[in-house]
Amino acid sequence: MIDIELLRKNPATVIKRLGTRGVLKKEVEALIRADTKWRKAEAKVEQLTAQRNKLSEEVPKLSSEKRKQRISELRSLNLRLLGPTGRGDLALLEKSRLELWKKLPNLPLPEVPVGSDASANHVVTEPLLPLPKFSFLPRNHLGLGISLGILDIEHAAAASGSRFGAFLGDGVRLEFALVTHAFKVLAAEAFTPILPPALIKRKRMDAMGYLDRGAEEVYTTQDDLVLVGTSEQSVGAMYAGQVFSQKDLPARFVAFSTCFRREAGSHGKDVRGIIRVHQFDKVEMFSFCRPEDSVREHRFFLELQKRLMEDLEIPFRVVQLCTGDLGVAAAATYDIEAWFPSRNAFVETHSTSNTTDFQTRRLPVKFRAENGQLRLGHAVNGTAYAIQRTIAALLEVHQTADGTVRIPNVLRPYLGGQDTLRRSDERH
RNA sequence: GGAGAGGUCGCAUAGUGGUCUAGUGCGCCGCGCUCGAAACGCGGUAUCCCCCAAAAGGGGAUCGUGGGUUCGAAUCCCACCCUCUCCGCCA
């Protein structure tokens, strides 16, 4: 949720900044009106309540005659308090105010390029590594994975239908190698490793900003729990209500979890292979920090992501999302896009967002500043490795003419020194 | 899933319808005493929201959560959540 104080004090700024991401002026104005009405009603109800409390406190001191009279007065006062102009009305006003409030996305940071959709995104960094040149027609990750025997779509479909995949053999070992490497690199940067729950309470998911727009992406259960689409949601949810000491910030976490997405709005997109599936695994970075540090923390996350991709020797570029392409909770987002030779294109493998106080306000997550003041924290999240997409990119980039795939140096120690992925019937 | 116990201010505890603006102890902060410290004494020490705002101030809500009874609820009633102990089931 955005800062409603800011909206009250400076509505023009909020309208302008949200306008850059496609929020209509009337949506913001509707909230202002609802807020004003609610505040008036709130003041009125509180005044009646104060009066009620005062008269009620005196009851035990009154003589029995006066007491009867006072109690009947209080009964009628309570009727007013609870009636249509009292608390009932207030509850309705509060509800509609909250609904309008929750619908507004986060304010983009000033440096975010303005644009209406992905076509206005800025390429920040061109690939540092040269794009691979092949003397043969490069195969896609799906064909490679199947022929290497590390990817099984067919049997996964038998179990679960479309948009599912299973890793086999070296594919499994490759996943664990990536996970182990990410945890190793990030542990050295003061990230606390965490294996969080993948099912979280609906209200926590709501606080993280994933239910007001895009709720159709979320798998639900019969138990008021929802499946996470990223462990960012789990880690944020875990620290709902937390008050950190300032000295413990930034509080960094590296999480591994399976992620579940319905992909309801992506009809026909990336249907083949493991680029876009209902279930995937991801190592995720998450940090709670001071507001004045979140921009720096966000850049730090981007640097870590670049390093993790460089370690895999996969060419990539960095894209800064424009205002119109930002997720609901994000104030600024960078994507990393890896080179996919079979597509002759870059495909998103990483994303890192500064969500400022949008999520921490509702969770809430605060910290005790050195002067004793209680303040809202900021939250920053970012992909370390999205396993399926990363393996897909790795297969494509490091494929060779004979159908084998070179394993990047950095991963070999985790694989007992193995340097190549080859068909199981070619081994020995 | 079943049985039992419990959830009150940072921690520990008191509180079974109005004297609770939730007491006490510990911790923490400030002041006093002291060369300094300990001890001692005095004062302070939650969060959210509304009004008015420069500040001060006024008001409301919160005793796990949500309902209910009542003029009035930490206290009575109902439902739920969580923790602990045991049983069952299970990886």
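Source: prediction; values computed, not measured. The sequence lines fix the lettering, A, B, ..., with proteins before strands; numbering per chain opens at 1.
Distance check on atom P: B:A37 versus B:C31 gives 11 Å, rounded to whole Å. When the P atom is compared between B:G64 and B:A56, the two are found 32 Å apart, to the nearest whole Å. B:U19 and B:C29: their C1' atoms are spaced 31 Å apart (whole Å). Separating the C1' atom of B:G32 from that of B:G23 is a span of 26 Å, rounded to the nearest Å. Separation of the C1' atoms belonging to B:G27 and B:C11 is 7 Å when rounded to the nearest angstrom. Annotation: B:U83 and B:G44 have their P atoms spaced 38 Å apart (nearest Å). To the nearest whole angstrom, the two P atoms, one in B:G2 and one in B:A79, are 13 Å apart. Taking atom C1' on both nucleotides, B:G67 is separated from B:G43 by 42 Å, rounded to a whole Å.
Here the C1' atom of nucleotide B:G10 and the CG atom of A:Asp248 are 15 Å apart, to the nearest Å. The distance from atom CG of A:Asp224 to atom C1' of B:G66 is 13 Å, rounded to the nearest whole Å. One interatomic measurement links the two molecules: CZ of A:Arg202 to P of B:C80, which rounds to 21 Å at whole-angstrom precision. Between the CZ atom of A:Arg52 and the P atom of B:U70 there is a distance of 13 Å, given to the nearest Å. A:Lys44 places its NZ atom 17 Å from the C1' atom of B:G59, with the value rounded to the nearest Å. One interatomic measurement links the two molecules: CD of A:Gln373 to C1' of B:U45, which rounds to 17 Å at whole-angstrom precision. As rounded to whole Å, 12 Å separates atom C1' of B:C80 from atom NZ of A:Lys203. The CD atom of A:Glu57 sits 12 Å away from the P atom of B:C20 (whole-angstrom rounding).
Heavy-atom distances to RNA chain B give each of A:Arg75 and A:Gln47 a nearest nucleotide, and the one nearer the 5′ end belongs to A:Gln47.
Residue A:Asn53 places no side-chain N or O under 4.0 Å from the OP1 or OP2 atom of B:G59. Checking the phosphate oxygens (OP1, OP2) of B:U45, no side-chain nitrogen or oxygen of A:Arg368 falls inside 4.0 Å.
For the pair A:Phe358/A:Val328, a side-chain contact is recorded, criterion being any heavy-atom separation below 4.5 Å from C-beta on. At a threshold of 4.5 Å between non-hydrogen side-chain atoms, the residues A:Leu211 and A:Val218 count as touching.
Base-pair partner of B:U21: not found among the strands shown (Watson-Crick or G-U wobble, both distances under 3.5 Å). When Watson-Crick and G-U wobble pairs are counted only if both distances are under 3.5 Å, B:G72 pairs with no nucleotide at all. Remark: B:C90 base-pairs with no nucleotide in the shown strands. Criterion, Watson-Crick or G-U wobble with two distances under 3.5 Å. Of all nucleotides present, only B:G44 satisfies the Watson-Crick or G-U wobble test against B:C28, with each distance under 3.5 Å. Nucleotide B:A56: unpaired (no Watson-Crick or G-U wobble partner with both distances less than 3.5 Å). With a cut-off of 3.5 Å on both Watson-Crick or G-U wobble distances, the partner of B:U16 is given as none. Within the shown strands, B:U83 is the pairing partner of B:A5 under the Watson-Crick or G-U definition, both distances less than 3.5 Å.
Note on ring orientation: taking the six-membered ring where Trp is involved, the planes of A:Tyr239 and A:Phe288 are perpendicular (angle over 60°, cut-offs 30° and 60°).
A:Glu292 CD: more than 12 foreign heavy atoms inside a 6.0 Å radius. Heavy-atom contacts from other residues, nucleotides or ligands closer than 6.0 Å to CZ of A:Arg299 number 12 or fewer. Within 6.0 Å of CZ in A:Arg52 there are more than 12 heavy atoms belonging to other residues, nucleotides or ligands.
No cation-pi contact links A:Arg375 to A:Phe367, judged by a cut-off of 6.0 Å to the six-membered ring centre and 45° from its axis.
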Go through A:Leu98 and A:Met1 one step at a time and tell me if the side chain to side chain contact (heavy atoms under 4.5 Å, CB included) criterion holds.
CA-CA 9 Å; A:Leu98 184 64; A:Met1 282 194 303; 4.0 Å; yes

Produce a footprint string for nucleotides 48-54 of chain B: one letter per nucleotide, 5' end first; B if the base is under 4.0 Å from any protein heavy atom, S if only the sugar-phosphate is, - if neither.
SBBS---

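Defined by atom type and a distance below 3.5 Å, a donor-acceptor pair is missing between the side-chain atoms of A:Ser231 and A:Glu284.
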